[in-house]
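Since the structure comes first, as structure tokens, the remarks are kept for the end.
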Amino acid sequence: MRFWKTLTMAAAGALLLTAPQARAAYPEKPITLIVAFGAGGGTDLLVRALAPFLEKELGEGARVEVVNKPGAGGEIGFAAIADAAPDGYTLGSINSPNVTAIPIERQARYAMDRLDPLYNLVDDPGAFAANTEGQFKSLADVVTFAKANPNTVTVGTTGIGSDDHLAMLVFQRQAGVTFTHVPFQGSSANEAALTAKKIMLSSVNIGEALQYKQKDPIAVLGVMAEKRAENAPDAPTFKEQGFAAQMSSLRGIAAPKGLPPEVRAKLVDALGKAANAPGFQAKAKELFQPLRLLPPEAYTAELTAATTALRELWASNPWLK
């Protein structure tokens, strides 16, 4: 009898050892949210505004820690997202056209098929900004000076292949002028250089320009959109000033490809609820961030279309030479 009891207990122990362990409720540890640009820029402020709302929607004491990984026009941060384990504990912001342009223009450290776009938050049109104490009051002023002084106008952007850089190149071609490109690791450094008069012009998103305009001597010369931006009704479009240049940046949240389905579903649901929270939307308005909320399928479709358009542009007019 004692033999059978011992055998039964041993068999039960073996079953416990071989039975699949119950998966802990996600998330059971902090989530890292990577920003591919420097602190203080539009993307950084947007993501930091989102984080507490995302924590609330994930529940169960969730923590989201924002980490900046700037450099190479966003490539360092985008690669860090793609290289992370697909377990839901590393997410990051991706910015187009940067994220789609980099693998087209060079051998990138990531590929778009290694990223899983979860939710888009912002659609921020490009703009040109100048120091109010400088000589440029309109795009016409810029063109007149640039034609008389080729390669003299210094234009700051957030890096090679960024939407700011592409916007500068598009305008150069349309206006028949040549600028000197000055890339920075983020919009904060770009705007600081403009404020200090280290550059003559800044190619920047309108939301970021308006944010810095609150405290710095900055004037918006034009917005690269079909119509005037709601958050900048006094700023004329490029089109109004005789130039068809249009450029915009989508800013959303992505994960490394291959998330467990239940984790992905929870993240998408939480991101959607966080983005629609009145508190977050009020904060986004305060930061001059024009929201355009897109769930995964619509967001992916936008990025796919943008990639196709950029490949066509690269084939005819490569922005790197």
Side-chain angles (χ1 to χ4, degrees), residues 23-37 43-103 108-123 249-277 280 289 291-307:
R23 179 176 291 169
Y26 171 83
E28 60 175 333
K29 62 181 181 179
I31 296 169
T32 297
L33 187 48
I34 295 170
V35 174
F37 299 93
T43 302
D44 179 67
L45 294 174
L46 175 75
V47 170
R48 291 182 187 278
L50 177 72
F53 293 94
L54 181 57
E55 289 176 339
K56 179 182 177 182
E57 296 302 334
L58 286 171
E60 301 174 20
R63 283 198 298 144
V64 176
E65 299 176 349
V66 179
V67 175
N68 297 88
K69 290 183 178 292
E75 182 179 2
I76 291 174
F78 303 150
I81 302 168
D83 290 341
D87 55 10
Y89 290 103
T90 302
L91 310 175
S93 62
I94 58 172
N95 302 52
S96 69
N98 305 53
V99 70
T100 53
I102 290 171
R109 284 170 273 188
Y110 69 94
M112 285 300 296
D113 62 7
R114 293 175 56 212
L115 294 169
D116 185 2
L118 299 179
Y119 218 90
N120 188 64
L121 302 170
V122 162
D123 189 343
S249 176
L250 294 182
R251 297 177 193 145
I253 304 299
K257 187 75 79 174
L259 291 178
E262 67 276 12
V263 171
R264 186 178 189 273
K266 186 168 184 176
L267 279 169
V268 170
D269 180 67
L271 284 165
K273 289 177 178 176
N276 280 283
F280 170 71
Q289 298 278 336
L291 295 178
R292 184 186 177 199
L293 306 182
L294 298 174
E297 295 77 13
Y299 188 17
T300 300
E302 286 279 346
L303 293 174
T304 300
T307 301

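Here the structure is a predicted model, which means the values were calculated and not measured.
Pro260 and Pro86 get closest at one heavy-atom pair: CD-O, 3.2 Å. Minimum heavy-atom separation, Ala36 to Gly77: CB-CA, 3.8 Å. For the pair Leu303 and Pro117, the tightest heavy-atom approach, listed with the atom from each and the gap, is CD1-CG, 3.7 Å. A pairwise comparison of heavy atoms in Leu50 and Ala275 identifies CD1-N, 4.3 Å as the closest pair. Smallest separation of non-hydrogen atoms from Ser93 and Thr43: OG-CG2, 3.4 Å. Residues Gly73 and Ile102 share a closest heavy-atom pair of O-CD1, 3.7 Å.
Residues Leu58 and Leu267 are in side-chain contact: their nearest non-hydrogen atoms beyond the backbone lie under 4.5 Å apart. A 4.5 Å side-chain heavy-atom check between Leu54 and Phe280 finds every atom pair outside the cut-off. Annotation: side chain of Thr32 is in contact with side chain of Ile34 (closest heavy-atom distance under 4.5 Å). Counting heavy atoms from C-beta on, the side chains of Ile81 and Tyr110 never come closer than 4.5 Å. Looking at Arg114 and Phe78, their side chains never come closer than 4.5 Å, going by heavy atoms from C-beta outward. Counting heavy atoms from C-beta outward, Ile253 and Leu33 have side chains that approach closer than 4.5 Å. In this structure the side chain of Glu302 reaches within 4.5 angstrom of the side chain of Arg292, judged on heavy atoms.
Although no hydrogens or angles enter the test, the distance criterion places no donor-acceptor pair under 3.5 Å between the side chain of Asp116 and the main chain of Leu118. Looking only at distances, a side-chain donor or acceptor of Tyr26 sits under 3.5 Å from a matching main-chain atom of Gly88. Not one N or O on the side chain of Thr100 forms a donor-acceptor pair closer than 3.5 Å with the backbone of Ala306. In this structure a side-chain-to-backbone donor-acceptor pair under 3.5 Å is present from Thr304 to Thr300.
Here the straight-line distance linking atom CG of Asp269 with atom CD of Glu57 works out to 7.5 Å at 0.5 Å rounding. Leu271 contributes atom CG, which lies 7.0 Å from atom CG of Leu91 (distance to the nearest 0.5 angstrom). From Tyr299, atom OH reaches atom CG of Leu294 across 8.5 Å, with rounding to the nearest 0.5 Å.
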Starting from the C-alpha separation in whole Å, work towards a yes-or-no answer on side-chain contact (heavy atoms from CB on, under 4.5 Å) for Val99 and Leu115. CA-CA 10 Å; Val99 70; Leu115 294 169; 3.8 Å; yes
Decide yes or no on side-chain contact (heavy atoms from CB on, under 4.5 Å) for Leu293 and Asn276, but give the supporting numbers first. CA-CA 8 Å; Leu293 306 182; Asn276 280 283; 3.6 Å; yes
For Asp123 and Arg251, what are the C-alpha separation, side-chain angles and deciding distance, and is it a salt bridge (Lys or Arg N to Asp or Glu O under 4.0 Å)? CA-CA 7 Å; Asp123 189 343; Arg251 297 177 193 145; over 6 Å; no
For Leu121 and Gln289, run side-chain contact (heavy atoms from CB on, under 4.5 Å): C-alpha distance rounded to whole Å, both residues' side-chain angles, the deciding distance at 0.1 Å, then the answer. CA-CA 9 Å; Leu121 302 170; Gln289 298 278 336; over 6 Å; no
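Taking the ring axis of Phe53 as reference, the NZ or CZ atom of Lys273 does not stay both within 45° of it and closer than 6.0 Å to the ring centre.
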Under 3.5 Å, sequence neighbours excluded: what are the donor-acceptor pairs made by side chains of residues 60-71?
unit_1 : atom_1 : unit_2 : atom_2 : d
Arg63  : NH1    : Glu65  : OE2    : 3.1
Asn68  : OD1    : Arg48  : NH2    : 2.8
Asn68  : ND2    : Phe37  : O      : 2.9
Asn68  : ND2    : Asp44  : OD1    : 3.0

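The pair Asp113-Lys257 does not meet the salt-bridge criterion, since no charged nitrogen lies less than 4.0 angstrom from a carboxylate oxygen.
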